[in-house]
Amino acid sequence: MDGLSSCSPVGLSSPGTDLWRGVEHPVSDAVSVGRCTVVVGGQWGDEGKGKIVDVLAREADLIARFQGGANAGHTVHVGEEEFIFHLIPSGILHPGKRCLMGNGVVLDPVQFFKEYDSAEARGIDLEGRVGVSLRTHLLLPYHRLLDQAREGSSAKKIGTTGRGIGPAYEDKVGRRGIRVVDLNHEGRARSLLEEGLARTRRHLAELGHTNLEGAEGWVEETLALRERLLALATDVGLEIHRALKAGKVVLLEGAQGAALDVDHGTYPYVTSSNTTAGGASTGSGIGPTAITDILGVMKAYITRVGEGPLPTAFSPEMDEKVRTLGAEFGATTGRPRRCGWFDGVLARYSARVNGLTGLAITKLDVLDTLPELSIATAYRTPEGVVDEFPADTGSLGDVQPILETLPGWQASTEDVRKLDDLPHNARAYLERLEEITGIPIEMVSVGTRRSQIIRVT
Ligand code: GDP
C-alpha cells in the first residue's frame, strides 16, 4: 500500500482487517474541476469590488453573492451608463451569465424586484439568468423599521445603512426568520410574517415608537411576491457544485470588507455577516475546498463610512481633497466617506484572515496628483509598537500609525493598460504594497470604466 491508502482507517476498521484492501476508492463527490474565485473587500468596503467582479464576470459562467443585503452598493460604469446594484450580482451586465443569491444573503424582496425590473427596463435580458437560494432569509419592512428606530434612539450609533440588515440576521440566528422555501406554504409564511410583525411592535414600543404606518399591508405585500420569488428559487449550493464539477468558472462576490466582518472586523462597528472568504463557503453552500482563488480588493488608499475608528485618517484638508478626487460618497446612502492612507497593518490582517491568493488594487488614479504618499506599516500604542491588527476596537481609536512616505508620480495613470507603462514611482508604490501584504497584485484599476484596468497575470 502507498499514499493515502496506507493511512490506518482509524475507527472504521482496525489495521489488519481486509476491509480496505483492494477497495478502489471512488472519486469523492466533493471534488471539483472548475475554477472558483472569491472576490472580497480587503478594507472597510467600497473598494470597487463591483468593477472588479464586472471585469472578471466576462470570463465566468456563474456569479453568486454570499452575504449582506441591500446595504452593499456596487457601481459599474459601462460606456456612458452607470449601474448601481444593491442586491443583484454585478455580473448581470454580461449577457447570458447566471447570477445567484446565496443562502448567506438577506433578501429584501421589494428592493430585489425593483432592481430586477429596473435592469430589465434598461434592456438587460434576465430571463432564466437569476436564481435565489431556497435557504435565503427574507428581509422585511419591519426589519428596516427596527433598524432605523434603533439607530435613531441609540446613544452609540453603529452607522448602519438603515436597510434592516442587522435585524434580519438577528431573526435568522434567533431561528425565527422566514426563508424563501417557507413561501411554498402560504399558511406558514403568513403566520411567520404576522409573528414578526407582532414582535416588531413590541420592540418598537420599547423604543417609544407606536406608529407603524402601513404595517397591516406588509404581510399581503410580501405574500403577493410569493409566486414571483418562488419562480426564481433554486438550490444554489447544488448549482455551484454541478457547475464546478462540469469544469465551469464560478465567481463568488463579496460585499462590504474584512474590517466590517462580524467576527474579524472592528466590532461592534461591523456589519452582521461574515464578509471574509470563509463566508463565501457557508453563504453559498459549497465546501471550502472547492474555492481555488481568493482575490482581495483594496483601494490604493483607504476609506470608511459609518462609525468606528480609522487609524490612518487624513488631516481634514487632505480628507476633503481625496474625497473629492475619489468621489468618496456612499452608493447606498450618499454619505461622505472618511479617507486615509493605505493601512498596511489592516491589509496584512485582511490577507491572513481571508487567505488571499491575489490582490486587486483600485483607484490608483485618485492618487495621481499627490506629491507624496504614505503607507502605515505598524501602529504606535501606549503599550508599544504593534504590527498586528488589534482585537480591541476601543484601543484602535488611540493608536498612532507609523507611516512610511514615498514620492508621488504626479502623472496620469488613467490610460495605462500595462504595468510597465506606469510611472516609476507608481510601480514602486505598488511593489511596496505587495511587500507589505505579502500578496501578489493581479489587477490594478485606474478609473471607473471597464477598460481602465491593468491585468498583471
Ligand atoms: P464596491 O461596493 O466595493 O463595489 O464599491 P462602490 O461601488 O461603492 O465604490 C466604488 C466606486 O469607485 C464606484 O463609484 C466605482 O465606479 C469607482 N471606482 C472603481 N474603481 C475605480 C478606479 O480604479 N478609479 C476610480 N477613480 N474610481 C473607481
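Ligands are counted one by one from 1 in listed order, and the atoms in each one are counted from 1 as well.
Stacking of Arg337 on the aromatic ring of Phe329 is not recorded, the 6.0 Å distance cut-off and the 45° axial limit not both being met.
For the pair Thr136 and Val105, the tightest heavy-atom approach, listed with the atom from each and the gap, is CG2-O, 3.3 Å. Smallest separation of non-hydrogen atoms from His94 and Ala57: CD2-CB, 3.5 Å.
Listed by atom number, the atoms of ligand 1 under 4.0 Å from Gly447 heavy atoms are 20 (N), 21 (C), 22 (C), 23 (O), 24 (N), 25 (C). Ligand-side atoms of ligand 1 in range of Val446: 23 (O), range being under 4.0 angstrom from any heavy atom. The atoms of ligand 1 that sit less than 4.0 Å from any heavy atom of Ser445 are 20 (N), 21 (C), 22 (C), 23 (O).
The closest non-hydrogen atom to atom 11 (C) of ligand 1, taken over Arg449, Lys49, Lys363, comes from Lys363.
Ligand 1 has no atom lying under 4.0 Å from any heavy atom of Gly45.
Ligand 1 has a nitrogen or oxygen under 3.5 angstrom from a nitrogen or oxygen of Gly48. Between Val366 and ligand 1, no N or O atom pair is found at a separation short of 3.5 Å. Residue contacts with ligand 1: Leu364 is placed with no nitrogen or oxygen under 3.5 Å of a nitrogen or oxygen of the ligand (distance criterion only). Between Arg337 and ligand 1, an N or O atom pair is found at a separation short of 3.5 Å.
Salt bridge absent: Arg380 and Asp398 never bring a charged side-chain N and a carboxylate O closer than 4.0 Å.
Contact annotation for Asp365 and ligand 1: only side-chain heavy atoms (C-beta onward) come within less than 4.0 Å of the ligand.
Met443 pairs in a side chain to side chain contact (heavy atoms under 4.5 Å, CB included) with only one of the listed residues (Thr362, Ile453, Leu359, Val297), which is Ile453.
With 3.5 Å as the limit, one finds no donor-acceptor pair spanning the side chains of Asn274 and His264.
Phe314 and Trp341 have their aromatic ring centers within a separation under 6.0 angstrom.
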